[in-house]
Structure formats: C-alpha cells, structure tokens
Amino acid sequence: MAGLQEPRRVTELSNELTRDIDTADPLGIVRRLCGSDAQLFAGWGGHPGVNDPVILDRLWKLSLKTAALLKENQDQKKNNRIVFSGCGTSGRIAWLCSWTYNRILQKFGHTPCFHYLIAGGDRSLIISNELPEDDPPKGAEDLKKVAEGADHVMFVGITCGLSAPYVAGQIDHSMHQPNMTSVLMGFNPVSLSRNAPIEKWDKTCRQVFLELETLSCTSDSAFIINPIVGPEPITGSSRMKGGSTTAVLLGTVFLTSLQTLLGQPILPSMTLPAREPEETEVVFDHSLSPSLSPMVSLLDCYSQTYQTVYRHSGGVASLLKLAASCICQPSGRLIYLGADTLGALGLVDASEMVPTYGVGLEEFRGFVAGGWEGCGNTEGDLSGYGKTFRVSLSQFESDVLPSLTDQDCVLCLHGSSQRTGPPHLHTIVNKVLASPAKCGLLVMAENGMSCNHLLDKRYETAVLIRLPYYHAFGKECVFAGFALKLVLNAISTGANILKGRVYGNEMINLRLSNDKLFERAIAIIEKWSGANEEDAKFALLRAIYKQDDAANFQYRPISSHITEASSQNMVVPLALLLAGGRSSVSYSSREKAAPVCQRSQGCHINGDRPNPWPLGHYIPIYLTT
Ligand code: S6P
C-alpha cells in the first residue's frame with residue numbers, strides 16, 4: 001500500500017475540473033472532458049508538460065537516436081528493433097502505434113522494425129487481463145524474446161501511472177543490457193512512482209525508475225519521458241488522458257524519426273529539417289532550432305486536432321446521448337463498427353469498459369472489417385479464443401445482428417477518405433439501418449472531402465468532424481485516429497456516467513483485477529466512507545469474501561484477494577456500505593445488486609437530475625432492486 005503519509009500519484013488524484021461530472025448532462029460531460037484534455041497540452045500544477053522545453057528536448061534527442069537506428073537498418077542492413085510495451089491501454093496504444101509505423105516503413109520499401117508487447121499477450125488487446133501487469137519477471141522474459149537476434153533494441157516501456165511491475169521488470173532488464181536503449185514513458189514525477197512491494201520480486205517500481213532516472217543524466221541510452229498532464233477526468237482511468245498522451249508522444253517522436261529516415265514530410269505542408277539531425281545543436285528554446293520545428297509542428301497538429309474535436313462538442317454530446325439512451329436500458333448495448341485503424345480504435349475503447357466500470361463483456365463491443373486479418377497483431381487470428389474475440393464484420397453479422405433490438409445502439413465509424421468504406425462495411429451498415437437498433441454515424445472527415453455519400457436519413461444521429469490534419473505520410477489516419485479516440489472515450493465514459501456508474505468523478509464499480517486496482521478501491525472506500533486505510537481494507541475483504549468477520553483472510557497475499565475478487569461485480573459499492581457501518585454482509589448480500597439505471601434513466605440524460613446525489617441515498621439504490 002502507498003500508505004497515508006505518501007502523496008498520491010498525480011494520475012490517481014481526483015481532477016478538480018470533473019468533480020461534478022456525474023451531475024452533468026451530455027453536453028456538460030463533454031465540456032468537462034474538454035477541460036481535462038486541455039491539460040494534455042497546457043500542462044498541470046507547475047510541472048513540465050508536453051510543450052515544456054525540458055520535455056521537448058528529451059523528445060528531440062530520442063527522435064534523433066531513433067532516426068540513427070533506423071538509418072543503420074537501411075544503410076548497414078542492421079537488425080535494430082523498436083519495442084513499445086505496456087499493460088492494458090498502454091499495451092493497446094503500443095500495438096496501434098507499432099502497426100501504423102510499420103505500415104509507413106513498408107509503404108516506403110523498408111523492413112518493418114516496430115514491435116509491441118502487452119502484458120498477458122494478444123488476448124489483452126481486447127479483454128481486461130490485468131493480473132500479468134503485476135509480474136516483472138514475465139515482463140523481462142517477454143522482452144528477452146522479442147529482442148532475440150537484434151543488434152540493438154530501443155525499448156519504450158509505457159506505464160501512465162509509473163506503476164506497472166510488468167514494465168518495471170522490463171526496464172530493470174533493458175537498462176543493464178549493452179545493446180538496449182531504455183525509455184520510460186509515464187505521467188508522474190519519478191519521485192512519486194509506485195513504491196508498493198511487489199510479490200515475488202525484490203524491488204519496487206520506484207527503485208527501478210529512480211535508477212533509470214539517474215542513468216538518464218549521464219547516458220544517451222536512458223530516457224525518461226514524463227510530462228505531467230494532470231489527473232484523469234475519471235479518477236485513475238488512464239485509458240483517457242494517459243492513453244491519449246501516449247499516442248501524442250509516440251507520434252511526435254517516431255513520426256519525426258520516420259520523416260528524417262524517409263526524407264518525406266509527414267504532412268505535405270511540412271518542411272524537412274534544414275540540417276542533418278546529427279549536426280543539430282539541441283537548444284532548450286526550440287524556436288531557435290530549425291531542426292526542431294517539424295517535431296513541434298507535429299505536436300501542434302495533435303493540439304489542433306484536440307481543439308477541432310471539442311469544437312464539435314454539441315455533436316459528440318448528441319452521440320453520447322444516443323449511446324446512453326441504450327446503455328441505460330436493462331439490456332442495452334453499444335456496438336462500434338468500423339474499418340482499419342478507426343475500427344480497431346472501436347475495439348480498444350469497448351474493451352476498456354469491463355475493468356473500469358464492471359460492465360458485462362457484451363455491453364460494449366467493437367467490430368472491424370476483416371477482423372484480425374491485417375490488424376498487425378503478433379498472434380494473428382484470435383477468434384478461436386471465444387465469442388469476445390470474434391471481431392470481424394461477418395462475425396458481427398452472424399453473432400449479433402440477428403439479436404439487435406431497440407435497446408441497442410450501433411455506432412458506425414467512418415473516415416471520409418474511406419469513401420463508402422470497405423464494401424462489406426457498407427452492406428452491413430445497410431442491414432443495421434434496417435434493424436430495430438438505434439444507429440449513429442460518426443465521420444472523421446478530411447478537409448475538402450465530400451461526405452454526402454455517407455449520410456443516410458435512417459441514422460438517428462450523424463456527426464461529421466472535419467479535421468485540419470488527417471493522415472500522416474499520405475495514408476495513415478494518425479490524426480483521425482487521435483480525434484476518434486477522444487470522441488469514443490467521451491461517448492463510452494459519458495454513457496457509463498449517465499447509467500450511474502460514476503460517483504463524483506470516481507469509478508465506483510471497478511473490477512479488482514490487479515494490485516493497482518485493489519489499492520485504488522481502498523482509496524475510494526476511504527474517501528467516501530471516511531474510514532481509515534485499515535478499516536477500508538477490512539471492509540473490502542468482507543465484501544470480497546462475503547464474511548462479516550474477514551480476520552482470517554487478512555494475512556493472505558494481495559494476489560489471492562485479487563483472484564477471488566476479479567470475477568465479482570459490485571464489490572466496491574458493497575464495501576462502501578460495510579465501511580460506513582450501514583450494513584452487514586448478510587443483509588447486503590440478501591439484496592440483489594442491480595443496475596443503477598433506475599436512478600439515472602430518463603432523468604439526468606435530459607439534464608434534470610437532482611444535484612448532487614448524496615452518497616447515503618445513492619449506495620442503497622445501487623445495491624438493492
Ligand atoms: C486504465 C486501464 C488499465 C491501464 C493499465 C496500465 O483505464 O483500464 O488497463 O491501462 O492498468 O496502466 P499504466 O498506468 O501502467 O499505463
């Protein structure tokens with residue numbers, strides 16, 4: 001446990017801009033997310049942000065080092081690899097970015113050299129499989145495998161909270177290898193990185209990351225990229241701002257390196273560096289360095305994409321409202337359909353709902369044209385693992401389409417440059433439009449492209465977002481993907497808020513699937529019940545083991561509590577009741593845990609919800625039918 005005396009990590013703090021997000025209507029939710037996302041570019045709390053010269057300098061040095069490694073592959077036929085790695089959302093962004101950058105290399109006749117690792121393997125790309133996150137030796141083992149036979153490996157370990165033991169194990173390995181460069185990416189000061197003991201390991205994340213930080217002062221084989229972007233809009237939900245910042249930083253560094261290698265501008269309007277990067281004297285004021293300007297322009301493209309998305313707040317709110325009107329129904333579902341990177345972003349957004357809000361696997365789903373084929377994932381077709389992994393449009397047609405009702409919302413994700421999209425997407429969309437489901441359309445449009453062909457009056461809501469920047473290197477939907485991530489995050493988060501799964505700005509029905517989430521649950525119980533840490537933990541154990549006296553369970557390792565809790569729903573709400581002394585386990589478990597749509601449905605979707613809901617009122621409704 002972090003302990004009470006330990007300051008909380010920035011990524012686990014409550015964001016003051018969203019503290020009342022659960023009382024807001026759809027537009028109010030989107031506006032609050034806009035404010036929180038602004039911190040991605042503006043920075044937070046006097047710490048260096050992404051636009052701070054200190055961070056820009058590190059990004060620039062990293063992009064130079066990468067460009068040099070890529071050049072060696074080209075000129076000397078070296079086998080240098082770049083490996084992005086992380087857990088949960090960080091691993092998913094690692095996948096999407098490595099896939100995109102490899103396609104760019106291939107397009108220009110180069111051999112792909114980007115790899116990704118995700119704790120738990122490819123299955124974790126779309127399900128919450130968070131226990132492997134707590135396993136440093138497995139992290140190191142996965143890294144050793146992907147590094148086999150490489151001349152040099154640039155390892156980029158991503159952990160938004162500087163908290164994942166899996167990544168700590170990898171950094172601990174990589175920083176002691178002569179042929180590896182170690183890069184740690186996360187959004188806390190290193191001094192606040194997680195310091196909890198790790199089962200079956202003799203170090204903490206903080207010990208490893210501090211060692212890397214020291215090394216980074218003297219060696220060009222160690223980098224810490226940790227701009228502070230403020231707390232998440234839903235406390236601890238690093239899929240949101242953490243994931244977005246990861247995408248922006250990886251793009252800023254690695255697209256710049258690819259530009260240097262390929263001699264091709266990322267955007268047609270961009271100019272190439274005036275001098276060879278090797279000759280560049282890196283200065284802290286980037287306006288003085290002509291070579292730095294393409295990298296900074298790229299960062300500005302992301303920033304303008306963010307602004308453009310939120311200039312469409314009304315449209316995003318109307319899609320959110322449509323989705324929530326289904327999610328708030330007893331068996332409502334939200335289903336994303338799309339192609340290519342945009343379709344894959346739908347898969348990713350849907351997959352994050354289970355651990356964050358404790359929803360069922362079927363409630364949020366994504367499907368992508370062609371399924372796993374062409375998704376650039378290491379293990380190829382995963383559909384054999386079961387229904388959740390059947391993600392192609394044909395599988396949607398056979399598994400889901402026949403069961404669509406008017407409680408379902410299907411959201412079609414289009415890029416304008418995809419014309420009508422792949423023929424199969426077009427056919428399926430027509431079938432969905434003829435079904436009882438509510439259909440929404442979201443088009444990420446390139447400036448100047450007509451989108452009339454995509455519009456169909458059978459859509460209940462259609463939103464078109466025209467982006468100033470869309471592609472990178474003429475084909476890859478880099479900025480469209482970033483814009484779509486922001487919009488989908490807003491829709492799915494908003495739908496869960498309106499369903500009543502957020503209290504204040506806390507995810508109070510999180511799934512306890514790893515050590516970090518166990519810690520977070522205790523903090524939530526402490527905060528809302530007023531119990532101290534020890535009592536909060538005891539209440540949590542009572543809720544997990546469904547025993548009023550959980551004394552026998554206290555000394556078990558946390559991993560066994562997690563194993564017991566990870567498949568249970570409503571653990572934290574029950575623990576809150578118990579910690580507040582309002583109930584006994586036997587009383588509460590006699591009551592059926594029920595969806596909370598009774599309190600939200602039909603009221604605060606339309607903005608007339610009592611404000612605020614007192615906890616004493618809220619929790620009993622949550623737990624009883
Ligand atoms: C967060 C998401 C989680 C995290 C994962 C890694 O919204 O549900 O899956 O991505 O726990 O976190 P981190 O801090 O190591 O990137």
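Every number for a ligand or one of its atoms is a count from 1 in the order of the listing. Basis for what follows: all heavy atoms, side chains included, without hydrogens, waters or symmetry-related copies.
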Which of the ligand 1 atoms, numbered from 1, are nearer than 4.0 Å to a heavy atom of [X]:
X    : result
S237 : 7 (O)
R239 : 1 (C), 7 (O)
S163 : 14 (O)
G88  : 9 (O), 10 (O)
C160 : 13 (P), 14 (O), 15 (O), 16 (O)
G161 : 14 (O)

At under 4.0 Å between heavy atoms, which part of M240 makes contact with ligand 1: side chain, backbone, both or neither?
-> neither
How does E352 reach ligand 1, by side chain, by backbone, by both or by neither, if only non-hydrogen atoms under 4.0 Å count?
-> neither
Pair listing, side chain to side chain donor-acceptor pair (under 3.5 Å) test, anchored in residues 229-238, at least two apart | T235-N505
So the side chain to side chain donor-acceptor pair (under 3.5 Å) pairs with at least one residue in residues 203-212 (sequence neighbours excluded) are E6-R206, D172-K203, H176-E211, N195-T204
[X] N/O to ligand 1 N/O under 3.5 Å:
X    : answer
T159 : yes
S90  : yes
A164 : no

Can you tell if the side chain of S221 reaches within under 4.5 Å of the side chain of K65, non-hydrogen atoms only?
-> yes
Which of N509, I522, L517, L510 passes side-chain contact (heavy atoms from CB on, under 4.5 Å) with V572? Answer is L510
Would you call [X]-[Y] a salt bridge at under 4.0 Å N-O?
X    : Y    : answer
D515 : R194 : yes
D134 : K516 : no
R520 : E526 : no

Are side-chain N/O atoms of S244 and Y306 paired as donor and acceptor at under 3.5 Å?
-> no
Assess C87 for proximity to ligand 1: is some non-hydrogen atom of it under 4.0 Å away?
-> yes
